[in-house]
Number of protein chains: 2
Amino acid sequence: MIEEILLFQIDKTSKVAKQYSQREFDRLGLNITVEQWILLKIVHESNHISQKELAEKSLRDPASITRTLDLLQKKELINRLPIPENRRQYNINLSKKGAAFVQKNMPIVDAHRKKSIEGLSEKDQQTLNNLLKRIQENMN
Amino acid sequence: MIEEILLFQIDKTSKVAKQYSQREFDRLGLNITVEQWILLKIVHESNHISQKELAEKSLRDPASITRTLDLLQKKELINRLPIPENRRQYNINLSKKGAAFVQKNMPIVDAHRKKSIEGLSEKDQQTLNNLLKRIQENMN
DNA sequence: CAGTATAAATTGATATATCAATAATTGATA
DNA sequence: TATCAATTATTGATATATCAATTTATACTG
């Protein structure tokens with residue numbers, strides 16, 4: 001039975017959480033996807049980052065990053081700044097609008113995170129983290 | 001930091017495991033995606049199942065199931081059997097070729113599952129399962 | 001029985017995932 | 001320095017995710 005497989009439950013947990021956040025984003029009319037939010041958050045946490053680094057941090061494909069950044073640029077939430085010394089890559093950063101957007105909605109997303117671990121002790125969280133890390137290493 | 005968020009690690013674990021299996025599938029020339037395999041496995045486990053039920057069991061959207069079944073049908077791995085008493089739905093089952101395919105490759109996929117939990121005791125696995133279930137409930 | 005609601009599958013539109021191929025640039029080296 | 005290799009981003013092709021709308025069929029209700 002597929003439900004008994006741990007990897008299936010891991011995937012399910014990820015999906016359920018993502019769907020919850022997406023529904024909330026939609027309900028609040030944020031006009032953004034969870035993947036887009038994650039990129040904004042990473043850009044917010046790093047001043048000046050390349051697309052390659054963004055891909056690594058977000059665990060996504062560079063091709064996918066290109067396309068999502070196109071959307072975020074269309075929404076005027078991020079900028080692609082040319083780097084004179086290296087014309088192969090851009091520095092990605094938040095626009096004013098993007099920074100305000102992240103600022104405003106960070107509490108909402110943080111509430112989702114908190115909700116996800118409701119009832120889990122510090123120790124529970126550490127345990128879970130450790131077990132996940134071990135599975136990740138097994139699959140390397 | 002996004003790496004410190006449990007949901008991020010959960011998502012990462014799911015991605016890493018899926019990528020591992022997909023690479024193996026590709027390496028062996030199975031010509032199938034992980035999502036397609038999951039559908040085949042569920043169909044294998046249930047004699048006669050509707051697309052709606054398949055969507056529920058696989059945690060996927062009915063629209064997505066339609067498209068993936070189209071591909072599996074093109075590969076002649078599954079059949080859509082019309083139900084005379086209810087012409088709104090089909091019974092999905094494995095073709096001879098599909099049954100042979102599942103039979104042949106089940107050991108491979110099972111090895112991936114085993115690899116993923118290498119070094120985890122029975123108790124570890126139960127703990128992990130419980131923690132995941134609690135997060136799932138939190139996000140409902 | 002007619003009209004309406006519900007249900008299952010499909011289709012369309014848009015976003016994401018992934019691999020392969022390509023373009024432009026930079027680095028390495030003979 | 002000229003050539004070749006490696007790097008970064010982009011594009012194309014195909015599969016999947018999701019929502020809304022549609023189609024076809026069945027169920028319900030007055």
Side-chain angles (χ1 to χ4, degrees), chain A residues 11-12 14-27 29-40 48-56 58-75 77-78 80-92, chain B residues 11-12 14-27 29-40 48-56 58-75 77-78 80-92:
Chain A
D11 191 49
K12 177 171 182 178
S14 180
K15 281 182 174 170
V16 166
K18 227 172 254 182
Q19 285 162 351
Y20 178 90
S21 286
Q22 189 64 62
R23 270 197 307 272
E24 285 298 297
F25 286 3
D26 293 348
R27 192 177 62 78
L30 298 195
N31 186 30
I32 201 173
T33 69
V34 171
E35 327 297 333
Q36 289 169 16
W37 169 265
I38 291 171
L39 288 198
L40 289 182
H48 299 312
I49 187 169
S50 69
Q51 297 190 195
K52 178 181 156 60
E53 291 169 321
L54 256 182
E56 284 161 2
S58 63
L59 315 176
R60 292 173 56 188
D61 194 273
S64 199
I65 299 298
T66 291
R67 282 151 185 149
T68 300
L69 287 181
D70 287 347
L71 295 173
L72 291 172
Q73 206 167 14
K74 220 173 275 172
K75 294 181 193 172
L77 295 173
I78 61 115
R80 279 179 166 106
L81 301 178
I83 308 175
E85 318 88 59
N86 186 347
R87 289 181 300 168
R88 266 180 321 196
Q89 58 182 27
Y90 299 105
N91 274 330
I92 310 299
Chain B
D11 191 48
K12 177 171 183 178
S14 179
K15 280 180 175 171
V16 167
K18 226 173 255 185
Q19 284 162 352
Y20 178 90
S21 286
Q22 189 64 62
R23 272 197 306 272
E24 284 299 297
F25 286 3
D26 293 348
R27 192 176 63 76
L30 298 194
N31 186 30
I32 200 172
T33 68
V34 171
E35 327 296 332
Q36 289 169 17
W37 170 266
I38 290 170
L39 287 198
L40 289 182
H48 300 314
I49 187 170
S50 68
Q51 299 189 194
K52 178 181 157 57
E53 290 168 321
L54 255 182
E56 284 160 3
S58 63
L59 315 175
R60 291 174 56 190
D61 194 272
S64 199
I65 299 298
T66 291
R67 282 150 185 151
T68 300
L69 288 181
D70 287 347
L71 295 173
L72 290 173
Q73 205 167 14
K74 221 173 272 172
K75 296 181 194 172
L77 294 172
I78 62 112
R80 279 178 165 104
L81 302 177
I83 308 175
E85 318 88 59
N86 185 347
R87 288 182 301 167
R88 267 181 319 196
Q89 60 182 28
Y90 300 104
N91 274 330
I92 309 299

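Computed from a predicted structure; not experimentally measured. The sequence lines fix the lettering, A, B, ..., with proteins before strands; numbering per chain opens at 1.
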Could you pick out which residue, A:Lys52 or A:Asp26, lies toward the 5' side of DNA chain D when each is mapped onto its nearest nucleotide? A:Lys52
In whole Å, what is the span from the CG atom of B:Asn86 to the P atom of C:dA9? 8 Å
For atom CD1 of A:Ile83 and atom P of D:dT8, their distance in whole Å: 11 Å
Stepwise salt bridge (charged side-chain N to carboxylate O under 4.0 Å, His left out) test for A:Asp70 and A:Lys74: CA-CA 6 Å; A:Asp70 287 347; A:Lys74 220 173 275 172; over 6 Å; no
B:Gln89 has an atom CD; how far is it from atom C1' of C:dA7, in whole Å? 9 Å
Could you check how far CD1 of B:Ile65 sits from C1' of D:dT18, rounded to whole Å? 13 Å
Between A:Gln19 and D:dA17, does any side-chain N or O lie under 4.0 Å from OP1 or OP2? no
Atom NZ of B:Lys15 and atom P of D:dA17: how far apart are they, to the nearest Å? 13 Å
Please give the stem ranges for DNA chain C, sorted by first residue number, where a stem is three or more consecutive Watson-Crick or G-U pairs and both donor-acceptor distances are under 3.5 Å. C:1-30 with D:1-30
Does C:dT10 have OP1 or OP2 under 4.0 Å away from a side-chain N or O of B:Arg80? yes
Main-chain N/O of A:Ile32 paired with A:Gln22 side-chain donor or acceptor, under 3.5 Å: yes
Look for any protein N or O under 3.5 Å of an N or O in nucleotides 12-15 of chain D and output each such pair with its distance, or none.
unit_1: D:dG12; atom_1: N7; unit_2: A:Arg67; atom_2: NH2; d: 2.5
unit_1: D:dG12; atom_1: O6; unit_2: A:Arg67; atom_2: NH1; d: 3.2
unit_1: D:dG12; atom_1: O6; unit_2: A:Arg67; atom_2: NH2; d: 3.3
unit_1: D:dA13; atom_1: N6; unit_2: A:Arg67; atom_2: NH1; d: 3.3

Within the distance-only criterion (no hydrogens, no angle test), does the side chain of B:Lys75 pair as donor or acceptor with the backbone N or O of B:Asn31 below 3.5 angstrom? yes
